[in-house]
Amino acid sequence: MNDPNGPIYWQGKYHMFYQYNPNGAFWGDMHWGHAVSEDMVHWKHLPMALAPTPGGPDKDGVFSGCAVIDNGVPTVIYTGVNPETQCVATSGGDLTGWKKFAANPVIAAPPAGLEVTGFRDPCVWQEGDTWLMAVGSGFRGKGGAVLLYESKDLRHWSYLHPLVTGGMRTGASAKDPVDSGEMWECPDFFPLGGKHLLIISTERVVKYLLGRYEVRPFTAINMDNRDSQVVLIRRHFIADTMGGIDYGSYYAARSMTNTGERRILWGWVTEGRSAEAQRAAGWSGVMSLPRELKLLGAQVQICPAAEVESLRGKRLGSGDVAGDCLEIQAEIDPGNAPRAGLKLRVAPDRSEQTLVYYDRDLKLVCVDRSQSSTDASADRGMQSGPFLLGRGEPLRLRIFLDGSVVEIFANDRFCLTARVYPAGPRSTGVALHMDGGTAKMVSFEAWEMRPISADRLTS
Ligand code: DQQ
């Protein structure tokens with residue numbers, strides 16, 4: 001699997017669709033898988049939601065998209081390839097038995113005259129009686145963009161203008177425009193705490209833009225009848241902050257609608273092992289834990305959804321903590337140590353270990369995977385993201401370990417998902433890490449986590 005698609009809360013259940021290749025543990029032949037849950041933690045697989053239709057606009061793949069409820073009718077809007085077009089399908093009340101709209105695609109091509117780097121991954125929302133659609137796109141040599149469309153019926157769409165365009169960080173075009181930031185994938189746009197958040201996936205990471213969304217009516221002369229004026233609406237998103245949603249092995253994040261005050265985000269946890277190792281394991285890609293987004297002042301907060309705590313099993317004392325399926329909460333005073341944090345998945349002879357720490361000088365949270373695995377095919381590169389501890393502020397790490405997946409949350413405002421593949425079955429230790437000085441563990445709690453099914457993947 002890869003991207004989450006159209007996560008939605010409907011009639012008391014959480015539904016998750018996702019990019020799925022039924023042919024094996026590798027990317028290709030994109031379908032939409034489907035699972036349902038009552039608590040966002042335990043999931044039941046349902047029949048495949050969407051498959052490519054031979055000869056149809058999605059003959060080469062049902063790419064990413066979103067789900068909305070249109071006057072009580074569950075509706076998904078997704079990208080069909082090739083070429084990239086936007087398509088619609090509807091279902092009955094239980095969100096199974098999807099029927100594609102006979103006149104698909106509903107948007108057959110990017111706006112005339114625009115040379116775009118891509119045209120995919122629609123995100124749709126409603127304002128009064130108008131539907132809006134944000135499509136991931138971009139311009140060569142300039143940067144990523146989100147194109148805005150409107151519709152009254154989800155079938156007939158008019159292009160408005162770019163909702164937002166971005167500059168290029170890397171400055172140079174890459175063969176794949178996603179690598180250089182010239183293409184923004186999987187836009188997700190929604191209100192958060194009085195502002196608006198736009199999430200985009202590009203340059204292999206997930207970022208956010210936080211800002212003001214303005215919907216302003218204005219009058220224009222009606223050229224068909226010059227004595228009259230027409231009232232038009234201009235929509236602008238003016239971002240004032242940009243940041244990272246996750247700096248690690250995490251991509252194509254998409255949030256849930258219909259969850260009332262709560263905004264729950266899902267992401268694809270990507271792989272860090274070779275294609276051969278993925279095929280041998282029999283699976284590739286996994287969904288992240290649900291994360292709740294909040295806005296505190298100008299700070300975007302990202303925490304694991306409280307529901308995840310229902311999986312807590314035996315509570316572990318600080319002396320006996322070991323495991324590959326754990327929740328860990330540690331508060332660390334870095335003291336005079338320039339680097340302080342935790343060691344995870346430590347082998348008894350220290351031949352394998354993963355270091356998660358705050359680097360005070362570099363102002364980064366780092367995951368040093370150079371000793372994570374004695375298996376040479378596993379990715380052992382350093383992962384890191386910008387983070388600044390306030391004066392006297394302790395490092396508060398909340399870490400979920402599940403086999404090779406390590407989801408790291410720091411001080412409710414930083415996330416990094418890492419993949420580590422220790423070869424030794426006893427590489428399960430946890431300890432305080434300090435380097436260059438003395439740090440202190442202020443508090444430490446850990447729990448064994450119960451698997452959500454009897455056939456838990458352990459690799
Ligand atoms: N994955 C999908 C695309 C999207 C990309 C195809 C992001 O729709 O742009 O599997 O991972």
Side-chain angles (χ1 to χ4, degrees), residues 3-9 17 63-70 75-79 86 107 110-111 116 118-128 130-138 143-151 154 157-166 181 183-202 205-216 233-246 251-268 291-295 298 300-302:
D3 315 357
N5 293 148
I8 192 162
Y9 183 62
F17 304 93
F63 274 23
S64 287
C66 60
V68 295
I69 305 298
D70 173 20
T75 305
V76 293
I77 305 99
Y78 64 92
T79 298
Q86 315 315 325
I107 307 181
V116 295
F119 185 57
R120 57 181 177 269
D121 312 333
C123 163
V124 173
W125 69 95
Q126 201 169 19
E127 291 174 18
T130 303
W131 292 99
L132 282 306
M133 181 198 291
V135 185
S137 191
V146 171
L147 306 180
L148 190 63
Y149 284 77
E150 72 171 355
S151 170
L154 294 173
W157 292 91
S158 321
Y159 175 61
L160 296 176
H161 48 76
L163 177 66
V164 61
T165 50
M183 170 65 201
W184 286 355
E185 298 183 296
C186 302
D188 199 46
F189 186 59
F190 51 87
L192 189 73
K195 292 195 157 195
H196 263 73
L197 201 71
L198 172 68
I199 294 180
I200 50 160
S201 292
T202 189
V205 288
V206 182
K207 306 177 186 200
Y208 70 79
L209 297 167
L210 175 69
R212 253 180 18 251
Y213 176 50
E214 286 180 357
V215 181
R216 265 207 217 137
I233 292 175
R234 190 181 297 281
R235 293 178 168 84
H236 272 307
F237 176 57
I238 304 117
D240 48 45
T241 318
M242 185 166 193
I245 287 284
D246 189 303
Y251 201 65
R254 215 172 252 273
S255 71
M256 267 186 178
T257 52
N258 292 30
T259 37
E261 289 300 298
R262 298 180 80 194
R263 186 50 70 164
I264 304 291
L265 188 72
W266 300 93
W268 162 34
R291 299 177 182 183
E292 186 161 354
L293 294 173
K294 288 184 186 160
L295 190 66
V300 176
Q301 287 197 320
I302 315 178

### Task
List the steps and the verdict of side-chain contact (heavy atoms from CB on, under 4.5 Å) for Arg120 and Tyr78.
CA-CA 8 Å; Arg120 57 181 177 269; Tyr78 64 92; over 6 Å; no
#### Entry: Steps toward side-chain contact (heavy atoms from CB on, under 4.5 Å) verdict (Phe190, Ile199)
CA-CA 9 Å; Phe190 51 87; Ile199 294 180; 3.9 Å; yes
### Message
I'd like to know whether Tyr149 forms a side-chain contact (heavy atoms from CB on, under 4.5 Å) with Leu132, so could you lay out the CA-CA distance, the side-chain angles of the two residues, the decisive distance to 0.1 Å, and finally the verdict.
### Response
CA-CA 6 Å; Tyr149 284 77; Leu132 282 306; over 6 Å; no
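By the 4.0 Å N-to-carboxylate-O rule, Arg263 lies too far from Glu292 to be salt-bridged with it. Looking at Asp240 and Lys195, a side-chain N of the basic residue comes within less than 4.0 Å of a carboxylate O on the acidic one, giving a salt bridge.
Here the closest heavy-atom approach between residue Thr165 and residue Pro162 is recorded as CG2-CB, 3.9 Å. Taking both residues in full, the closest heavy atoms of Asn5 and Ser64 are given as ND2-OG, 2.9 Å, listed atom of the first, atom of the second, then distance. Residues Leu160 and Arg235 approach most closely at CD1-NH1, 4.2 Å, considering heavy atoms. Contact between Ala253 and Val206 at its shortest, heavy atoms only, is CB-CG1, 3.9 Å. Nearest approach of Asp121 to Cys186, heavy atoms of both residues: OD2-N, 2.9 Å. Contact detail for Val68 and Val124: the closest heavy-atom pair is CG1-O, 3.5 Å.
For an aromatic pair to be called close, the ring centres must be under 6.0 Å apart, and Trp125 with Phe189 satisfies this.
Separation of atoms CG (Leu197) and CG (Leu192) is listed at 5.5 Å; rounding is to 0.5 Å. Atoms CG and CZ, on Asp3 and Phe63 in that order, are 9.0 Å from each other to the nearest 0.5 Å. For the atom pair CD (Gln86) and CG (Leu154), the distance works out to 13.0 Å, reported to the nearest 0.5 Å. To the nearest 0.5 Å, atom CG of residue Leu210 and atom CG of residue Leu295 are 5.5 Å apart.
Under the 3.5 Å distance criterion, with hydrogens and angles disregarded, no donor-acceptor pair is assigned to the side chains of Glu185 and Thr202. No hydrogens or angles considered: nothing links the side chains of Asp70 and Thr75 as a donor-acceptor pair under 3.5 Å.
Proximity of Lys207 to Met242: side-chain heavy atoms (C-beta onward) are separated by under 4.5 Å at one or more points. Side-chain contact between Val215 and Glu127 is present, with at least one heavy-atom pair separated by less than 4.5 Å. Considering only heavy atoms from C-beta on, Val164 comes within 4.5 Å of Trp184 through its side chain. By the 4.5 Å heavy-atom criterion applied to side chains, Leu147 and Tyr159 are counted as neighbours. By the 4.5 Å heavy-atom criterion applied to side chains, Val146 and Val135 are not counted as neighbours. Side-chain contact between Leu148 and Met133 is absent, with no heavy atoms from C-beta onward closer than 4.5 Å. Side-chain contact check for Leu265 versus Ile245: some heavy-atom pair is nearer than 4.5 Å. Using a 4.5 Å heavy-atom cutoff, the side chains of Trp157 and Trp131 are in contact.
Seen from the ring of Phe237, Arg212 does not count as a face-on cation partner, given the 6.0 Å and 45° thresholds.
Asp188 contributes a side-chain N or O that, together with a main-chain N or O of Ser255, makes up a donor-acceptor pair within less than 3.5 Å. The backbone N or O of Ala252 lies less than 3.5 Å from a partner atom in the side chain of Ser201, making a donor-acceptor pair.
Considering only residues two or more places apart in sequence or on other chains, Arg234 meets the salt bridge (charged side-chain N to carboxylate O under 4.0 Å, His left out) condition with none of them.
Under the 30°/60° scheme for interplanar angles, the aromatic rings of His161 and His236 are found to be tilted. In this pair, Tyr213 and His196 present their aromatic rings tilted. The plane angle is within the 30 to 60° band.
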